[in-house]
2 protein chains.
Amino acid sequence: MKNSNRVIVSRRDRPAKEPLSRELIVQTAYELLKEQGMKGMSMRKIAKELDTGPSSLYVYVNNLEDLNSYVQDFGLGCLILPDAENGSWKERLFGALTAYFLLLVEQPGLAEISFSTIPKGDKYMELIEYILAALLEGGAGSKSAAWGTDLMLLYVTSLAYEKHSWKKHDAAKLSDIKQAFSNADSVRFPFIHSLSEELFSGDTVVMERFRWGLEVLLQGIKLDPINNRQT
Amino acid sequence: MKNSNRVIVSRRDRPAKEPLSRELIVQTAYELLKEQGMKGMSMRKIAKELDTGPSSLYVYVNNLEDLNSYVQDFGLGCLILPDAENGSWKERLFGALTAYFLLLVEQPGLAEISFSTIPKGDKYMELIEYILAALLEGGAGSKSAAWGTDLMLLYVTSLAYEKHSWKKHDAAKLSDIKQAFSNADSVRFPFIHSLSEELFSGDTVVMERFRWGLEVLLQGIKLDPINNRQT
DNA sequence: AGTTCTTTACGAACAGTGTTCGTTATGATA
DNA sequence: TATCATAACGAACACTGTTCGTAAAGAACT
């Protein structure tokens, strides 16, 4: 209609543009996610990157939420779990969780996306299986192992996301909050006042605090508070 | 200009409309948050509810992030901490965290907002102070108490948010995932396969699982894995 | 070859979003 | 009564996810 006799010439610099595919879309999306976080991974920006319109993507992907799942899977592809033959069960457990945590910290977009997306990819199931196995080998009961796996993964994801979320805010506001804590009314909030250092020390020694949390969780799980609860 | 001789008649049904104020905005926003979650708490919807334009709100609030903080504080106003005189330190600790958890579960919007917003209100500081005090009374060291407080609050918020996030997805997709777990390849994922019941049981017995997690955390914190770490 | 049919591509539009700007109205003070 | 800071707000900007109708390209079949 409006431009019937238009020249059908490729609108892109590169001569033969790679045809669209879900793989290509996911890769491009992940690239944007790494660079600019979830905010930069919009349908329109992905489409622009692929030199097409946003509607073209919907051939290969149902909606953004779907794409999020695929991208999460794709990102988890970089996760390398420790060899299941070597080391004690605890070393393997901590090794896997640390690898997962480091990946989320290095790619904060992945941490971001992992919170709003229910993981259902193969790689994530491998991770669950790996941790379940380690906990069971460590002597945990069925329920403790299952709930403990959930708990540990929740911990890792939350901590990584929290770390990212705090980093997003400008340093100015952050030090404002620190000040609010150390300047806390020592009458109403005596403990916050005196422990403000410790409350924020986790910010600088991330890995130490992470490791501490793992240790806490593991010790608690091993005690199995369901079976031998001490009121 | 364009409509100079317009009739200056109140565009609203109610005759004398309450003048704007931050309080009123926050209240209205919280009402929307309770009804429709964060998605329903947009500047435009709040403005519409107050029968005005979105730009009017910016007199009393810097931006949406700011408003989120205020709304979070406002919502936390409903939190009732157990009387600090009665009961053991553990009863008070669990009482406070349970009250917080129940509030977040009853008002999922609050859980949602608590994740994207750094808490800096008075009410939240009261909560921190309360838990710090309980842990210290329970015999935790400075660092354990501080990091333990963070850990327990992170746990409560994350679990409440996770619960909400899962509920948002239609039941169809959710049972799909459950199926994916119980149908998991029993060769690649033997443990997931055999423990799929336990992995999902937390969905139905929320409070039991919540309580279990608290117990796990507390046991782990009490052991203070920093000072007596057993490699 | 010509015709049909399905898949892929994509421009335009819809209904939203947060935020800013410039102008108007209001109420208190000088 | 005149002045002036503040409050209110319409319009616009630059975004967002998603849908719809149409156009092109290929494959399959007559």
Side-chain angles (χ1 to χ4, degrees), chain A residues 1-12 14 16-25 28-29 32-33 36-71 112-113 116-117 168-169, chain B residues 1-12 14-25 28-29 32-33 36-71 112-113 116-117 168-170:
Chain A
M1 276 286 175
K2 53 205 165 289
N3 207 2
S4 194
N5 54 350
R6 66 194 174 93
V7 244
I8 312 174
V9 78
S10 176
R11 291 178 337 292
R12 89 193 323 246
R14 286 159 284 180
K17 94 169 170 182
E18 205 170 348
L20 282 179
S21 70
R22 183 187 286 173
E23 256 292 304
L24 185 61
I25 292 173
T28 311
L32 284 171
L33 182 74
Q36 311 171 37
M38 268 186 100
K39 195 193 60 174
M41 204 196 86
S42 75
M43 293 302 242
R44 300 181 115 95
K45 283 175 185 161
I46 297 166
K48 183 166 285 180
E49 199 71 18
L50 290 167
D51 191 21
T52 181
S55 50
S56 306
L57 308 177
Y58 284 83
V59 177
Y60 304 94
V61 150
N62 287 322
N63 48 42
L64 182 62
E65 200 185 322
D66 245 46
L67 180 57
N68 281 338
S69 290
Y70 295 129
V71 171
E112 219 177 331
I113 227 173
S116 51
T117 306
K168 270 202 319 195
H169 296 77
Chain B
M1 273 288 176
K2 51 205 163 295
N3 206 3
S4 196
N5 55 347
R6 68 193 172 92
V7 244
I8 313 174
V9 76
S10 176
R11 291 179 334 293
R12 87 192 327 242
R14 287 157 286 181
K17 93 170 173 182
E18 205 170 347
L20 282 179
S21 70
R22 183 186 287 173
E23 258 290 304
L24 185 61
I25 291 173
T28 310
L32 285 172
L33 182 74
Q36 310 172 36
M38 268 186 102
K39 193 192 60 173
M41 204 194 88
S42 74
M43 293 303 244
R44 300 182 114 95
K45 283 175 183 161
I46 298 167
K48 183 166 284 180
E49 200 71 17
L50 291 167
D51 192 21
T52 181
S55 51
S56 305
L57 308 177
Y58 286 83
V59 178
Y60 303 95
V61 149
N62 288 323
N63 49 40
L64 182 62
E65 199 185 323
D66 243 47
L67 180 56
N68 281 339
S69 289
Y70 294 129
V71 171
E112 220 177 331
I113 227 173
S116 51
T117 307
K168 270 203 317 193
H169 297 75
D170 33 343

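Reminder, nothing fancy here: chain letters follow the sequence lines and each chain counts from 1.
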Original post:
Taking only N and O in the side chain of A/T52, is any of them less than 4.0 Å away from OP1 or OP2 of C/dC10?
Top reply: yes
**OP:** Considering just the side-chain nitrogens and oxygens of A/S56, establish if one lies under 4.0 Å of OP1 or OP2 belonging to C/dC10.
**Re:**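 Checking A/S56 against C/dC10: at least one side-chain N or O falls below 4.0 Å of OP1 or OP2.
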In whole angstrom, give the distance that lies between atom [atom1] of [X] and atom [atom2] of [N].
X: A/R22; N: C/dT8; atom1: CZ; atom2: C1'; value: 15 Å
X: A/I25; N: C/dT8; atom1: CD1; atom2: C1'; value: 11 Å
X: A/E65; N: D/dT18; atom1: CD; atom2: P; value: 9 Å
X: A/I46; N: D/dT18; atom1: CD1; atom2: P; value: 11 Å
X: A/K48; N: D/dA14; atom1: NZ; atom2: P; value: 12 Å
X: A/D51; N: C/dC10; atom1: CG; atom2: P; value: 8 Å
X: B/L57; N: C/dT20; atom1: CG; atom2: C1'; value: 14 Å
X: A/L24; N: C/dT8; atom1: CG; atom2: C1'; value: 14 Å

**OP:** For A/S21, check side-chain contact (heavy atoms from CB on, under 4.5 Å) against everything at least two apart and list the hits.
**Re:** A/E23, A/L24
Original post:
Residues two or more places apart in sequence or in another chain: which of them pass side-chain contact (heavy atoms from CB on, under 4.5 Å) with A/T117?
Top reply: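 With sequence neighbours excluded, A/T117 shows a side-chain contact (heavy atoms from CB on, under 4.5 Å) to A/N68, A/S69, A/Q72, A/I113, given in chain and number order.
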Got a list of side-chain donor-acceptor pairs under 3.5 Å for residues 53-60 of chain A, not counting sequence neighbours?
{"unit_1": "A/S56", "atom_1": "OG", "unit_2": "A/T52", "atom_2": "OG1", "d": "2.8"}
{"unit_1": "A/S56", "atom_1": "OG", "unit_2": "A/G53", "atom_2": "O", "d": "3.4"}
{"unit_1": "A/Y60", "atom_1": "OH", "unit_2": "A/L20", "atom_2": "O", "d": "3.3"}

Subject >> Minimal non-hydrogen separation, A/A29 against A/L67, with atom names >> reply: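 Nearest heavy atoms, A/A29 then A/L67: CB-CD2, 4.4 Å.
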Original post:
What is the minimum heavy-atom distance between A/L64 and A/M41, and which atoms define it?
Top reply: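 That closest heavy-atom pairing would be CD1-O, 4.1 Å.
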Under 3.5 Å, which protein N or O atoms sit close to an N or O of nucleotides 15-18 of chain C? Give each pair with its distance.
{"unit_1": "C/dT17", "atom_1": "OP1", "unit_2": "B/S42", "atom_2": "OG", "d": "2.9"}
{"unit_1": "C/dT17", "atom_1": "OP1", "unit_2": "B/K45", "atom_2": "NZ", "d": "3.4"}
{"unit_1": "C/dG18", "atom_1": "OP1", "unit_2": "B/M43", "atom_2": "N", "d": "3.2"}
{"unit_1": "C/dG18", "atom_1": "OP2", "unit_2": "B/M43", "atom_2": "N", "d": "3.1"}
{"unit_1": "C/dG18", "atom_1": "N7", "unit_2": "B/R44", "atom_2": "NH1", "d": "2.5"}
{"unit_1": "C/dG18", "atom_1": "O6", "unit_2": "B/R44", "atom_2": "NH1", "d": "2.8"}

Subject >> Options D/dC20, D/dA8, C/dA9, nucleotide nearest the side-chain atoms of A/S55 >> reply: D/dC20
Subject >> Shortest side-chain distance from B/P54, nucleotide among C/dT19, D/dT18, C/dA9 >> reply: C/dT19
Subject >> Residues that B/D66 engages under side chain to side chain donor-acceptor pair (under 3.5 Å), provided they are two or more places apart >> reply: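 B/D66: side chain to side chain donor-acceptor pair (under 3.5 Å) contacts with B/N62.
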**OP:** Sorted by first residue and then second, give each salt bridge (charged side-chain N to carboxylate O under 4.0 Å, His left out) pair with at least one member in residues 55-65 of chain B; sequence neighbours left out.
**Re:** none
